[in-house]
Amino acid sequence: MSPNGEYRFGIGYDSHRFAEGGPVRLGGIDIPADVHCEAHSDGDAVLHALTDAILGAAGLDDIGEMFPDTAGEDEGRDSTAMLRAAIARVESVGWKVNNVDVTVVTQKPKLSPFRAAIKASIASSLGIQTDGVGIKGKTNERMGWIGREEGLGVIAVASLVRRDSEAV
């Protein structure tokens, strides 16, 4: 626990429509599917929501400020690299990721067979243990655009701890 209680929390959200042809990239892992997330980058909605949560917790601008979807050099960009760049920015202002929790709302694909791989991928990118990463898959009970399998949504929460107040 942080000796002086300096923690911050951020919430991130992202959604993407599906387009034909897989795989779906979520949490840095390619999941076999007949669709993928349509996006300017690689479409990893988990890492996009997580990046926004981490940046928000540090009081910084969002992923769109760092990687505008109008920038040609960001087309097809790897979201893991984007997340790592955001972490470097957060660390440069004195914060470190403590833990994260992510909920993916989708009818398909099912995440449970890939949960351990997603947790390991995210933990590696964040420089934390896998027990500091929560990943949950939820359906939308066939309601709305998610229920009609038109896309997916992701909600992420991140906690940061002041770097100079980490527990020893």
Is Val35 close to Val24 at the side-chain level, that is, under 4.5 Å between some pair of heavy atoms?
-> yes
If you round to the nearest 0.5 Å, how far is CH2 of Trp145 from CZ of Arg17?
-> 9.0 Å
Do Ser79 and Ser41 have side chains that get closer than 4.5 Å, going by heavy atoms?
-> yes
Find out if a path of hydrophobic residues (ILVMFWY) with successive side-chain heavy-atom gaps under 4.5 Å connects Leu126 to Leu160.
-> yes
Please collect all salt bridge (charged side-chain N to carboxylate O under 4.0 Å, His left out) contacts where either partner lies in residues 98-109, sequence neighbours excluded, each pair once.
-> Asp34-Lys108, Asp101-Lys136, Lys108-Glu149
Any side-chain heavy atom of Leu47 within less than 4.5 Å of one from Ile122?
-> yes
Are the side chain of Ser124 and the backbone of Ala120 linked by a donor-acceptor contact shorter than 3.5 Å?
-> no
With a cut-off of 3.5 Å and sequence neighbours excluded, list every side-chain donor-acceptor pair involving residues 53-60.
none

Which pair of heavy atoms, one from Val93 and one from Arg162, lies closest together, and at what distance?
-> O-NH1, 3.3 Å
Under 3.5 Å: donor-acceptor pair, side chain of Arg25, backbone of Gly28 | yes
Of all heavy-atom pairs linking Val46 and Gly27, the shortest is CB-N, 3.5 Å
Using side-chain hydrogen bond (donor to acceptor under 3.5 Å, both in side chains) as the criterion, list what pairs up with Asp14, not counting sequence neighbours.
-> His16, His48
If we only count heavy atoms from C-beta on, is the Ile128 to Lys96 side-chain gap below 4.5 Å?
-> yes
Validation: residues 112-119 side-chain donor-acceptor distances under 3.5 Å, sequence neighbours left out:
from: Arg115; atom 1: NH1; to: Ile135; atom 2: O; distance (Å): 2.7
from: Lys119; atom 1: NZ; to: Val133; atom 2: O; distance (Å): 3.1

Approximate separation, where rounding is to 0.5 Å, of His36 NE2 and Phe18 CZ = 10.5 Å
Over all atoms of both residues, closest heavy-atom pair of Gly43 and Cys37 = O-CB, 3.2 Å
Do Asn98 and Ser159 have side-chain N/O donor and acceptor atoms under 3.5 Å apart?
-> yes
Would Val157 and Leu111 show up in the same hydrophobic cluster when neighbours are defined by side-chain heavy atoms closer than 4.5 Å?
-> no
Roughly how far, to the nearest 0.5 Å, is CG of Asp131 from CG of Asn99?
-> 9.0 Å
Pairs in or reaching into residues 86-95: which pass salt bridge (charged side-chain N to carboxylate O under 4.0 Å, His left out), with residues at least two apart or in two chains?
-> Glu65-Arg89, Glu91-Arg163
In sequence, state the C-alpha distance, the side-chain angles, and the governing distance for Leu26 and Leu152, and then conclude on side chain to side chain contact (heavy atoms under 4.5 Å, CB included).
-> CA-CA 11 Å; Leu26 295 173; Leu152 56 78; 4.2 Å; yes
Begin with the C-alpha distance, continue with both residues' side-chain angles, and end with the deciding distance and a verdict on side chain to side chain contact (heavy atoms under 4.5 Å, CB included) for Val90 and Val97.
-> CA-CA 9 Å; Val90 165; Val97 175; 5.6 Å; no
Residue pair Pro23 / Ile31, side-chain heavy-atom distance below 4.5 Å = no
Cluster link Ile63 to Tyr13, ILVMFWY, side chain under 4.5 Å | no
Are Ile29 and Val105 connected, step by step, through hydrophobic side chains (Ile, Leu, Val, Met, Phe, Trp, Tyr) whose heavy atoms are closer than 4.5 Å?
-> no
Got a sec, which residues hit side-chain hydrogen bond (donor to acceptor under 3.5 Å, both in side chains) with Glu150, two or more places apart in sequence or on another chain?
-> Arg148
Drop me the distance from Met82's CE to Leu50's CG, to the nearest 0.5 angstrom.
-> 12.0 Å
Side chain of Gln107, backbone of Arg142: donor and acceptor closer than 3.5 Å?
-> yes
